There are 2 protein chains.
Amino acid sequence: MKKNKKISMKDISKELGISITTISFIVNKKAENKISKEVIKKVEDYIEKVGYKPNSSAQSLRTGRSKTIVFMAEDISDPFFSAIAKEMETIAFNNGYKIIYCSTENKKERAVELLNLFKDRQVDAFIITPPEGFENELRKLIYDEQHVIMVFDRYFDDFKHNYVVLENYKGTQEATASLYNSGKRNIAFIGIESNLSPLKQRFEGYKDKIGDYGLKEYSLLIQFEHIKTQQGQNYIKSFLETHPEIDGILFATNNLAISGLRVIKNKGLKIPEDLGIISFDDRDVFELFTPPISVIAQPVPDLAEELIKGTLKLLKTKSANEYRFYQKSLNGKLIIRKSF
Amino acid sequence: MKKNKKISMKDISKELGISITTISFIVNKKAENKISKEVIKKVEDYIEKVGYKPNSSAQSLRTGRSKTIVFMAEDISDPFFSAIAKEMETIAFNNGYKIIYCSTENKKERAVELLNLFKDRQVDAFIITPPEGFENELRKLIYDEQHVIMVFDRYFDDFKHNYVVLENYKGTQEATASLYNSGKRNIAFIGIESNLSPLKQRFEGYKDKIGDYGLKEYSLLIQFEHIKTQQGQNYIKSFLETHPEIDGILFATNNLAISGLRVIKNKGLKIPEDLGIISFDDRDVFELFTPPISVIAQPVPDLAEELIKGTLKLLKTKSANEYRFYQKSLNGKLIIRKSF
DNA sequence: GTCGACAGGTAAAACGTTTTACTAAAATCT
DNA sequence: AGATTTTAGTAAAACGTTTTACCTGTCGAC
């Protein structure tokens with residue numbers, strides 16, 4: 001059983017007869033034109049030999065930076081968010097950062113609670129998927145408390161902030177068009193009742209395109225909490241029964257589509273003959289479904305890269321005291337399968 | 001713009017004319033029979049008023065404990081692991097712990113690298129899904145370096161350690177039995193070529209049950225890296241073509257089943273008429289598939305709860321210096337749908 | 001031979017806690 | 001009343017870094 005005393009700079013200092021300051025400079029690569037080559041070599045070799053690693057708590061305490069980023073997702077067990085999380089992880093690690101994840105469940109109170117938990121815990125930056133009604137908290141965080149905040153998936157018009165989002169409007173426009181081009185003329189939109197930017201824009205994209213074609217609008221907006229419930233499925237069911245002429249559906253999110261597909265399956269409707277289907281967000285279930293469902297996919301690796309690189313950049317420029325907003329909007333990708 | 005100076009114990013001390021020691025005792029609820037009610041009240045009120053939160057870096061530095069747990073999953077974007085992660089998160093938070101996630105991709109080198117990254121970073125415990133060939137590292141970690149390690153999903157016979165796993169053997173026994181009971185007599189096992197305990201035990205469960213029935217064994221073991229690839233699908237395809245008499249398949253993991261279902265779909269085979277199917281691990285795609293696929297589901301919330309509660313318990317008893325192994329084995333749950 | 005510049009390095013304060021050992025005053029015991 | 005214990009509290013060291021300001025010696029220039 002190994003003697004488990006962690007080695008510190010002081011130990012190295014004593015052992016080598018070199019001051020702690022010098023060790024620190026060398027460890028932090030700030031020794032270049034202050035310390036002689038020989039001393040640097042000596043220290044580096046010794047560090048290598050004994051496997052010294054600086055104590056990160058002490059570093060955080062001294063510098064006020066913890067090399068930690070919090071990713072507050074809507075739901076970290078959702079395939080979309082967990083895929084994003086995984087991509088970010090790697091890049092963050094390679095830059096010496098750790099990521100802590102948490103889920104808001106799209107509840108404002110939960111988000112506030114989590115925020116309070118982390119705010120005073122030496123976190124360098126937040127990547128946040130803000131739930132509805134979170135504007136004011138967010139604004140305070142950014143403008144009053146001056147935290148580094150990257151907003152993901154949605155944004156707010158009323159104040160400037162960093163964000164990485166998707167071109168949602170374009171996405172549903174394209175989706176609606178491809179449903180139209182396959183011959184569908186009674187195209188419905190099933191979305192979520194929400195003021196969040198992506199959900200509104202997806203709806204707008206649909207409406208505008210439908211308007212362009214001079215078609216009739218059919219839409220069903222479901223409350224957030226019913227997306228995955230039986231209740232939600234009931235809404236969809238009666239919506240379809242009220243409008244039997246509907247021959248195409250655009251689902252605003254993958255979870256919505258999954259609920260919808262359950263209903264369609266139960267009712268014995270045929271895709272694509274009775275109903276053309278397209279959904280936002282890809283998931284393996286869509287590819288495996290019979291028939292495979294067409295989607296507007298989000299470019300997960302690109303989003304994740306923008307998110308984390310953007311955040312890292314903000315962190316750098318912040319310490320350089322020249323702050324500029326980081327705002328990116330990426331295009332979705334239409335994947336045509338066999339569902340219309 | 002608020003003055004952003006963080007408030008510290010020293011500030012409170014000065015403001016209230018009370019020593020830092022006293023403040024510390026009160027903050028840490030160790031004041032009970034040392035400090036008068038009035039002083040406690042006064043300090044608590046003030047803390048409440050100014051929203052003081054202790055600096056966690058300083059706490060970590062002083063105590064050597066960081067209140068951080070690392071969860072090294074096989075792949076954090078896998079639905080199974082991300083579901084586990086999310087459940088653990090909440091419980092950990094409520095106990096004042098943060099979780100940092102990372103993915104080994106089932107690669108030993110990656111795991112070692114991650115471990116080195118975290119080992120010297122003031123982490124209180126590790127929850128690890130060890131990749132193949134990780135035994136020795138793990139043993140060192142536990143016995144030489146005396147870290148708090150909880151092993152998840154798999155375990156090793158050669159040395160004692162904490163774990164939370166599933167009753168995999170029972171699971172495939174049951175699965176094989178239900179395939180048999182539905183009339184299938186040429187039941188194949190499609191698994192993964194691996195020495196990891198769950199994969200071996202799942203295979204054993206199948207083999208023993210098949211032996212009990214006096215049936216012929218059919219099995220295909222795929223390498224880890226081919227599970228999700230086209231290559232893997234090709235293996236499955238030719239396996240099925242070599243043994244056209246197969247009328248039932250037990251898939252050892254969900255990802256394997258997904259690859260298998262793609263093949264089955266492409267070949268135009270009918271489930272359950274041509275082929276009865278059952279898979280390990282539930283996923284929404286199985287429920288939505290046509291026909292819905294039966295599974296042995298893992299009890300995710302229970303597993304997560306055991307994992308995190310077990311780890312927290314180890315952390316407590318470790319500081320109390322009475323260490324006992326925490327070993328739990330939970331039962332899977334057979335969910336019969338329409339696939340045989 | 002004095003001045004300045006530079007190279008190579010160090011001492012010590014500070015970051016914000018926790019915790020040990022101590023004290024002064026009050027209460028209790030004998 | 002004197003000794004002892006209890007109550008209520010505090011001073012100061014320590015955790016392991018980073019960073020500022022300083023020091024010492026050497027060399028070249030004048």
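None of the values given here were measured: they were computed from a predicted structure. Each chain gets a letter, A, B and so on, in the order its sequence line appears, and its residues count up from 1.
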Hey, does the side chain of Ser66(B) reach the backbone of Ser60(B) with a donor-acceptor pair shorter than 3.5 angstrom?
no
Separation of dA7(C) P from Lys37(A) NZ (nearest whole Å):
12 Å
Remember a base hit wins even if backbone is also touched, and classify Val27(A) as base, sugar-phosphate or nothing at under 4.0 Å, heavy atoms.
nothing
Can you tell me which nucleotide in dT18(D), dT10(D), dC15(D) comes closest to the side chain of Thr22(B)?
dT10(D)
How many whole angstroms separate atom CZ of Arg62(B) from atom P of dT17(D)?
16 Å
With a 4.0 Å limit, can you tell me whether Gln59(B) has a side-chain N or O closer than that to the phosphate oxygens OP1/OP2 of dG16(C)?
no
Rounded distance (Å) that lies between atom C1' of dA14(C) and atom NZ of Lys6(B):
17 Å
Measuring from the side chain of Ile20(A) (C-beta onward, heavy atoms only), which nucleotide among dC15(C), dG16(C), dT17(D) has the closest atom?
dT17(D)
Are the side chain of Arg65(B) and the backbone N or O of Asp124(B) linked by a donor-acceptor pair below 3.5 Å?
no
Take atom CD1 of Ile26(B) and atom P of dT19(C), then tell me their distance rounded to the nearest Å.
16 Å
When you measure from the side chain of Thr63(A) to the backbone of Gln59(A), do you find a donor-acceptor pair of N or O atoms at a distance under 3.5 Å?
yes
For dT19(C) and Lys30(B) - does any side-chain N or O of the residue sit under 4.0 Å from the phosphate oxygens OP1/OP2?
yes
Write down the atom of Pro131(A), the atom of Lys108(A), and the distance for their closest heavy-atom approach.
CG-CA, 3.8 Å
So Ser36(A), base contact, sugar-phosphate only, or nothing? Heavy-atom distance under 4.0 Å.
sugar-phosphate
Does the side chain of Tyr52(B) get closer than 4.0 angstrom to OP1 or OP2 of dT17(C) through an N or O atom?
yes
Identify whether any heavy atom of Thr21(B) sits under 4.0 Å from a base atom; if not, whether one sits that close to sugar-phosphate; answer base, sugar-phosphate or nothing.
base
Looking for any heavy atom pair under 4.0 Å, which part of the strands does Ser24(A) touch: base, sugar-phosphate only, or nothing?
base
Expressed in angstrom and rounded to an integer, what is the separation of Lys10(B) atom NZ from dT10(D) atom C1'?
16 Å
For Thr317(B) and Lys313(B), indicate whether the former's side chain and the latter's backbone hold a donor-acceptor pair under 3.5 Å.
yes
Just do the salt bridge (Lys or Arg N to Asp or Glu O under 4.0 Å) check on Glu15(B) and Lys49(B) with the steps written out, would you?
CA-CA 13 Å; Glu15(B) 186 63 35; Lys49(B) 184 179 134 209; over 6 Å; no
Residue-phosphate contact under 4.0 Å: Asn55(B) side-chain N/O, dC15(C) OP1/OP2
no
Relative to Tyr326(A), does Lys328(A) satisfy both conditions: NZ or CZ under 6.0 angstrom from the six-membered ring centre, and within 45 degrees of the ring's axis?
yes
Side chain of Ser19(A), heavy atoms from C-beta onward: which of dT20(C), dT10(C), dG16(D) has the nearest atom to it?
dT10(C)
Among dA12(C), dG16(D), dT10(D), which is the nearest nucleotide to the side chain of Leu61(A)?
dG16(D)
Return the value, rounded to whole Å, for the distance between atom CZ of Phe25(A) and atom P of dG16(D).
20 Å
Value in whole Å for how far the P atom of dA7(C) lies from CD of Glu32(A):
13 Å
Rounding to a whole Å, what distance do you find between Ile23(A):CD1 and dT17(D):P?
10 Å
Angle separating the five-pair end axes of the helix from dG1(C)-dC30(D) to dT30(C)-dA1(D), nearest 10°, is 60°
Do the side-chain N and O atoms of Ser56(A) and Gln122(B) include a donor-acceptor pair separated by under 3.5 angstrom?
yes
